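What's counted below: heavy atoms across the whole structure, side chains too, no hydrogens, waters or symmetry copies. Every value quoted in this text rests on a predicted model; they were computed, and no experiment measured them. Numbering starts at 1 and runs along the sequence shown.
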Amino acid sequence: AGNNPISFSDPYGLCPPYDDDPCNFDTGDPNLDDPERRNIVETTFKGAPATKDSRNPGLKDEIWAWAFTTADGSLESVTSVGGPTVVQPTNQPVGAIFGAHGHVNEGKLVCCGQNGNRAFASSGGPSRPDKAIAHEATVPTYIVGKDKIWRLDPGTGKKTTFDRWTSPK
């Protein structure tokens with residue numbers, strides 16, 4: 001892991017108008033309904049790299065991103081990359097707007113659970129570590145699944161669920 005600042009002035013093409021994915025921009029959430037901010041959220045799922053963990057071939061590593069505004073008002077993010085089941089985010093940066101990370105291996109068998117056996121990665125939304133981060137954060141955090149995005153409110157961890165797409169993919 002480590003810090004990897006990314007500028008989103010030239011978006012990655014992760015939702016319309018940048019690609020054909022039917023992203024839901026009518027959630028009522030200011031971060032999910034703004035295309036530039038939404039692309040940071042989507043990058044944590046769609047931009048996840050293949051894992052180098054030999055115990056988990058074919059899976060992806062998780063990405064955590066903190067979005068923030070710079071002194072000149074531009075939107076940027078800092079990312080951390082973890083393993084196929086967990087990522088430890090960097091500290092929340094000054095000026096943070098939100099944090100996000102993707103559950104990229106949702107519903108797949110991953111190695112290794114608490115007892116050392118393979119287990120299915122959660123597909124039920126935010127995990128305990130996700131909730132713990134939300135309790136410490138001062139900005140909302142988002143967890144991206146295949147078809148849902150969950151927002152955890154800062155401090156309380158209160159969960160709100162959004163449909164990720166306007167139509168089934």
Can you check whether [Y]'s main-chain N or O pairs, donor with acceptor, with [X]'s side chain at less than 3.5 Å?
X      : Y      : result
Asp34  : Arg37  : yes
Asn105 : Lys60  : yes
Ser74  : Thr70  : no
Asn24  : Asp163 : yes

Mind checking the [atom1]-[atom2] spacing from [X] to [Y]? Nearest 0.5 Å is all I need.
X      : Y      : atom1 : atom2 : answer
Asn31  : Ile40  : CG    : CD1   : 9.0 Å
Ser80  : Glu62  : OG    : CD    : 11.5 Å
Ile133 : Gln88  : CD1   : CD    : 6.5 Å
Ile143 : Asp130 : CD1   : CG    : 3.5 Å

Charged N to carboxylate O below 4.0 Å: is that the case for Lys52 and Asp61?
no
Tell me whether the rings of Phe98 and Tyr142 are parallel (<30°), tilted (30 to 60°) or perpendicular (>60°).
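Perpendicular: the ring planes of Phe98 and Tyr142 meet at over 60°.
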On the ring face of Phe25, is Arg38 found with NZ or CZ under 6.0 Å from the centre and within 45° of the axis?
yes
Student check: side-chain heavy atoms of [X] and [Y] closer than 4.5 Å:
X      : Y      : answer
Leu152 : Pro140 : no
Asp53  : Leu59  : no
Ile149 : Val41  : yes

Mind running side chain to side chain donor-acceptor pair (under 3.5 Å) on Thr27 and Asp33 for me, showing each step along the way?
CA-CA 6 Å; Thr27 66; Asp33 294 348; 2.7 Å; yes
Which residue is it: Thr44, Val78, Thr141? I am looking for the one with a side-chain contact (heavy atoms from CB on, under 4.5 Å) to Trp64.
Thr141
Salt bridge (charged side-chain N to carboxylate O under 4.0 Å, His left out) assessment of Asp21 paired with Lys46:
CA-CA 11 Å; Asp21 282 344; Lys46 295 180 182 180; 2.4 Å; yes
